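Everything below concerns the one structure shown next.
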Amino acid sequence: MSDGEGARAPSLWLDPPPQPGPALEGDVRADAVVVGAGFTGLWAALALRERGADVVVLERSYAGFGASGRNAGHLTPTIGKDLPTLLRLYGRERGGALVRFAEAAVEHVEAAIAERGLDCDYVAAGNVIAGVHPGQAAALERVARAARELGGAMRMLSEAELAERGLPRFVACGYLDERGGVLDPGKYVRALREEALRAGARLYESTPVDAIAEGPEVRVETPRGSASAPHLILATNAYTPRLGLLRRAVAPLYVSLLATAPLGAEQRERIGWPGGEGIYTAHEVLESHRLTADGRIVSGSRHVRWAYGERALPDREPRTFAALEAMFRARFPELADVAAERAWSGPIAMTLDFLPAVGRAGRHGNVLFGIGYCGHGVAQASYVGTLLAKLAVGEDPGHPEIVGRRRVPMPPEPLRTLVARAILTTLQALDRRTDRRARPRPR
Ligand SMILES: Cc1cc2nc3c(=O)[nH]c(=O)nc-3n(C[C@H](O)[C@H](O)[C@H](O)COP(=O)(O)OP(=O)(O)OC[C@H]3O[C@@H](n4cnc5c(N)ncnc54)[C@H](O)[C@@H]3O)c2cc1C
């Protein structure tokens with residue numbers, strides 16, 4: 001697989017990479033300072049402006065540089081490790097509230113796309129959670145049952161419906177999560193940037209925040225200036241611990257994706273998949289597969305990389321990319337003549353309980369944060385951005401099941417890495433076993 005011309009772009013979606021806007025020079029003041037211009041930060045800025053607050057956004061690179069411009073674009077109400085675990089841990093009431101939070105997040109994005117006319121190639125076809133062998137059907141039934149108990153909109157697909165939908169043949173069984181679909185995350189994050197600017201947010205790009213001084217008025221230092229405000233909003237997701245904050249709240253995990261060349265009409269026909277549903281597999285460390293507007297397949301997740309402490313891992317890692325290509329070839333043997341054109345990576349922020357960390361920090365309670373979406377932030381981060389804006393202006397954001405909830409701290413290093421590596425090794429062994437049993441649907 002060659003990185004080719006795209007080698008310097010962060011992903012398929014942002015190629016060529018956007019030119020950053022102006023950097024911060026001098027000292028500025030606002031009602032709120034937002035650090036990070038991904039989904040969380042841009043939505044926080046937009047929602048603050050719509051409430052009349054003056055807002056400054058500081059972004060180290062350019063809007064979408066982080067996970068928001070690199071993800072696979074599945075818009076899903078996925079929350080927690082899985083729904084049976086959510087039900088067991090939290091019961092019907094709180095588990096149901098968590099499911100409603102995740103569904104509200106999807107609805108929030110869908111409403112924004114429709115009402116604001118965000119151009120992001122959204123296909124509202126839902127997402128299928130697929131077993132790769134028929135023996136997985138019973139476990140998938142359990143998930144669909146837990147979903148029903150928690151009020152979620154998931155249902156098992158019968159064999160007839162799998163065939164009718166013409167899903168790729170590696171989908172041996174599966175359920176459909178009817179909410180959501182797939183979008184182009186690069187277009188979505190850039191459209192949000194435009195919306196925030198149009199609403200009057202002051203965005204400074206190429207502006208890393210180096211230091212934060214707390215107080216009733218928070219002041220952040222950047223290389224050539226500073227910004228202060230009564231509220232600081234941290235929208236730095238997996239990068240947050242590197243700021244020296246919330247170190248025990250999240251840990252970064254690096255996720256990679258590959259994109260094929262655009263499929264020709266005949267190649268497209270070979271795989272079917274006319275509805276363009278997003279597909280996740282029911283592996284312990286799931287795989288994701290989707291079609292793009294220009295007829296590529298974007299596949300990945302699965303082969304993740306763990307980082308020790310706050311260490312940043314390289315974006316490009318040939319061994320991981322080779323493993324992804326092998327995974328893609330195993331799922332789509334009928335596309336042996338399609339090139340895997342490029343691959344890229346980005347960090348997601350994991351929490352110990354797989355729920356986002358949203359709340360207030362700091363001695364004065366005026367450092368607000370929304371991080372830790374565990375790889376499901378297209379919907380959640382967008383929604384949490386608006387909740388943070390509400391918190392900052394003194395509105396009730398609702399969702400007490402998420403906002404200000406009691407969090408489970410990560411163990412300190414080196415224990416954290418030892419435990420994480422042991423868990424990942426076990427899960428990967430289980431997934432290899434699942435793969436050995438993989439059996440595509442008959443034609
Ligand atoms: C490969 C991959 C695939 C994924 N697939 C999906 C998917 O299909 N569906 C889904 O729901 N989720 C997916 N995710 C997760 C989703 O992308 C994230 O949850 C979401 O984008 C988080 O948004 P955010 O704004 O909180 O963080 P980010 O988008 O990471 O934004 C944080 C921003 O903060 C900036 N920043 C960091 N430090 C500083 C600093 N010191 N000063 C100034 N700025 C700073 C960064 O440059 C960055 O732009 C995926 C993630 C990855 C990496």
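All ligand and atom numbering here is 1-based and tracks the order in the structure. As the structure is a prediction and not an experimental result, all values here were calculated from the model.
In this structure, the side chain of Arg94 engages the main chain of Glu401 through a donor-acceptor pair within 3.5 Å. No donor-acceptor distance shorter than 3.5 angstrom exists from the side chain of Trp344 to the backbone of Arg316, with no hydrogens or angles considered. In this structure, Arg296 contributes its side chain and Ala259 its backbone to no donor-acceptor pair below 3.5 Å. Within the 3.5 Å criterion, the main-chain N or O of Ile348 finds no donor-acceptor partner in the side chain of Asn237.
Considering both main-chain and side-chain atoms, Pro347 never comes within under 3.5 Å of ligand 1 through any nitrogen or oxygen pair. The distance criterion of under 3.5 Å between nitrogen or oxygen atoms is not met by Ala379 with respect to ligand 1. Checking only distances, Tyr373 never comes within under 3.5 Å of ligand 1, N or O to N or O. Taking only nitrogen or oxygen atoms, main chain and side chain alike, Val209 reaches within less than 3.5 Å of ligand 1. By the 3.5 Å distance cut-off applied to N or O atoms, His74 is counted among the residues near ligand 1.
Between Tyr188 and ligand 1 there is no heavy-atom distance shorter than 4.0 Å. Within the structure, ligand 1 lacks Ile371 among the residues with a heavy atom less than 4.0 angstrom away. Contact annotation: Ala238 has no heavy atom less than 4.0 Å from any atom of ligand 1. In this structure, Thr236 has a heavy atom closer than 4.0 Å to ligand 1.
Judged by distance alone, the side chains of Asp431 and Thr434 never bring a donor and an acceptor atom under 3.5 Å apart. For the residue pair His283 / Thr281, a side-chain donor-acceptor distance below 3.5 Å is found, with atom types taken as modelled. For the residue pair Tyr280 / His289, no side-chain donor-acceptor distance below 3.5 Å is found, with atom types taken as modelled.
Considering His376, Glu59, Gln380, Arg60 only, the shortest heavy-atom separation from atom 35 (C) of ligand 1 involves Glu59. Of the listed options Ser68, Ser288, Pro208, Ser68 places a heavy atom closest to atom 23 (O) of ligand 1. Considering each of Ser345, Ala72, Ser256, Ser11, the one bringing a non-hydrogen atom nearest atom 5 (N) of ligand 1 is Ala72. Heavy-atom proximity to atom 51 (C) of ligand 1, evaluated over Ile348, Asn127, Thr40, is greatest for Ile348.
Short contacts between ligand 1 and Leu58, defined as distances under 4.0 Å to a heavy atom of the residue, involve ligand atoms 43 (C), 44 (N).
Only the side chain of Val35 comes within 4.0 Å of ligand 1, counting heavy atoms alone; its backbone N, CA, C and O stay farther away.
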Margin query: Between Asp353 and Arg405, is the salt bridge (charged side-chain N to carboxylate O under 4.0 Å, His left out) condition met? List the steps.
Written below: CA-CA 12 Å; Asp353 55 9; Arg405 75 188 174 83; 2.7 Å; yes
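A salt bridge links Asp15 with Arg342: the distance from a Lys NZ or Arg NE/NH1/NH2 to an Asp or Glu carboxylate oxygen falls below 4.0 Å.
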